[in-house]
Amino acid sequence: MEFLTTGQDMPLMEKLGILANSAKYDVACTSSGVDRKGNGVGLGNCVAAGICHSFSSDGRCISLLKILFTNECIYDCKYCLNRCSNDIPRATFTPEEICTLTVEFYRRNYIEGLFLSSGILNSPTFTMELIFRTIWLLRNKYRFNGYVHVKAIPGADPELIHRIGFLVDRMSVNLELPTAEGLRALAPNKHRKNILTPMRQIQNKITENKNDLVLYRNAPVFVGGGQATQMIIGATPENDYQVLNVAESLYQKFDLKRVFYSAFVNVTGDKQLPALPGGPPLLREHRLYQADWLLRFYGFKACELLDEKRPYFNVMLDPKEDWAVRHLDQFPVEINKAPMERLLRVPGIGVKSAQRIVAARRSTNLTFADLKKIGVVLKRALYFITCSGRMMYPVKLEEDYIVRNLTEEQERIRFGSDGMSYRQMSLFDVGNFEQPVTRSDRIQAAAGQL
């Protein structure tokens, strides 16, 4: 196998600086959910590894070496820092260099695994061969048993993807942009079909492998942590409703573990890209992640959260709050009687707290103080729940009133350290009166006549 000579005489740490910086916009770098103990021969293990500078499922703060094999690329995607028309420093690792970095960083306790992506060097198949060679050496020559996440390159030989799938814990194929129209406009070298083909191949092989593992306990594991993908948000004009529908379709049709959303950052200055006067749409990205969580764990569907008439999330509310204030006919929910699926629809109640509520109410009627101990966020939930038929405070079940209390700091009910409110309830709080308070009412109250 021949290598291009880009940066081959460059010091290794200088390459690392260039190729780590080039990888920073790839956010689909996630925990595997894989538990693989050390075998006593190799180096390391894989215990629910997580992303760079984040937390694993067991609460540990851990990191991965997140790099590109090369930032050389034959493609000219208008949004990409590494596109061929960009005048930036270029570098390419050798397989041995990546193995050395991974093992030495692991020994120094800097990392627990490797996240490896790449620009396209010569061709997709040529690049995938280099990545396969790297991971093969890491597993077999260097005996590295830690977490490895690799990007599959659309258009590469399917056999290479098949072979590398038995060496890694997770694979991902970047969707890049939500729609085929967006790809045609900003990434003319990439095609939706080429992206979905390896995604389908990985899905089918994962399913086949699960059946093999049932029949043969010692069968090799294929991509044990599943696959993920990434979409850039804000580079093309798709609305939140379109993006969420694409994500829902990917979960249903390709059994993805995660869809990642990357707020568009204009790093190339191309005239076809949006100017973003307010900066990257980070709050929009955050709302999409919250909505994605509702799709995966709370039983919501995309069509419930948004529709064609209301295609964007209210950035002032999280998606569950936004849904709740638009469906007040389903509230309040009685904590001591409501089924699990209804509890999960209440803002401030998560999956774990809903499970705790269902378990605890078997032996007692829960109070608001109990809910605080269980983990319910009462400052959001109190507008939507009752305990034994009573609300925590006499609040109105009206959209404007609830939205104002959730979003305006001066309107919000104050809570003390124990989760209970220590705000003195005004005699004229709007929640206590059906009719507006008049000047005469205020005079009578001041004179003690009410």
Side-chain angles (χ1 to χ4, degrees), residues 287 289-301 304-306 310 313-434:
R287 294 304 184 210
Y289 272 118
Q290 290 177 317
D292 186 273
W293 205 262
L294 296 181
L295 294 182
R296 292 189 294 133
F297 299 111
Y298 288 77
F300 281 87
K301 295 181 180 179
E304 292 181 276
L305 297 171
L306 295 171
R310 191 167 181 167
F313 287 112
N314 181 347
V315 294
M316 299 302 294
L317 300 172
D318 73 46
K320 196 201 277 193
E321 290 173 342
D322 190 34
W323 177 86
V325 297
R326 290 186 287 113
H327 295 82
L328 292 176
D329 58 301
Q330 300 193 31
F331 298 100
V333 169
E334 171 52 51
I335 288 295
N336 288 296
K337 295 181 181 179
M340 180 77 168
E341 57 270 18
R342 287 203 66 197
L343 291 174
L344 289 174
R345 303 237 159 179
V346 177
I349 296 182
V351 174
K352 288 186 177 179
S353 54
Q355 291 170 342
R356 290 168 184 160
I357 288 170
V358 172
R361 70 190 185 187
R362 291 172 186 159
S363 56
T364 185
N365 278 340
L366 297 175
T367 65
F368 288 102
D370 295 328
L371 295 182
K372 176 61 181 176
K373 295 175 183 177
I374 283 172
V376 174
V377 183
L378 287 175
K379 65 182 179 181
R380 293 204 293 272
L382 68 90
Y383 306 98
F384 308 99
I385 60 174
T386 59
C387 284
S388 300
R390 294 187 177 185
M391 300 191 82
M392 187 173 182
Y393 297 109
V395 298
K396 292 195 298 183
L397 210 59
E398 292 181 2
E399 181 174 351
D400 289 344
Y401 170 81
I402 294 173
V403 169
R404 190 170 67 250
N405 276 271
L406 288 172
T407 59
E408 297 181 16
E409 190 65 29
Q410 64 272 22
E411 296 285 344
R412 191 171 296 169
I413 294 174
R414 308 295 179 191
F415 284 80
S417 59
D418 64 352
M420 298 294 104
S421 173
Y422 288 95
R423 188 190 76 169
Q424 169 119 4
M425 296 297 289
S426 166
L427 198 59
F428 303 107
D429 271 358
V430 293
N432 291 331
F433 290 87
E434 294 293 333

Within a 6.0 Å radius of atom CE on Met340, are there more than 12 heavy atoms belonging to other residues, nucleotides or ligands? yes

Of all heavy-atom pairs linking Ile349 and Lys320, the shortest is O-NZ, 2.7 Å

With sequence neighbours left out, the residues meeting side chain to side chain contact (heavy atoms under 4.5 Å, CB included) with Leu317 are Asn314, Glu321, Asp322, Val325, Val403, Leu406, Thr407

For a 4.5 angstrom cut-off between non-hydrogen side-chain atoms, does Leu371 reach Ile385? yes

Here the pair of heavy atoms bringing Tyr401 nearest to Lys396 is CD2-O, 3.2 Å

Take a 6.0 Å sphere around CZ of Arg390 and say whether it holds more than 12 heavy atoms from other residues, nucleotides or ligands. no

Minimum side-chain heavy-atom gap Val376-Val346 below 4.5 Å: no

Please assess Ile335 against Cys387 for the test side-chain contact (heavy atoms from CB on, under 4.5 Å), listing each intermediate value before the final yes or no. CA-CA 6 Å; Ile335 288 295; Cys387 284; 4.2 Å; yes

Can you run down the side-chain hydrogen bond (donor to acceptor under 3.5 Å, both in side chains) pairs that involve residues 327-345, sequence neighbours left out, and say none if there aren't any? Glu304-Arg345, Trp323-His327, Glu334-Asn336, Glu334-Thr386

Asp318 vs Arg287 side-chain heavy atoms within contact, under 4.5 Å: yes

How close do Pro319 and Leu294 get, counting heavy atoms only, and between which atoms? CB-CD1, 3.8 Å

Using side-chain heavy atoms (C-beta onward) and a distance below 4.5 Å, is Arg326 in contact with Arg310? yes

Using the rule given for side-chain contact (heavy atoms from CB on, under 4.5 Å), can you reason through Leu305 versus Phe313, listing the C-alpha separation, both sets of side-chain angles and the distance that settles it, and then say yes or no? CA-CA 8 Å; Leu305 297 171; Phe313 287 112; 4.1 Å; yes

Might you work through the side-chain contact (heavy atoms from CB on, under 4.5 Å) test for Tyr298 and Val351, ending with a clear yes or no? CA-CA 7 Å; Tyr298 288 77; Val351 174; 3.8 Å; yes

So does Arg361 get a backbone contact from the side chain of Thr364, meaning a donor-acceptor N/O pair under 3.5 Å? no

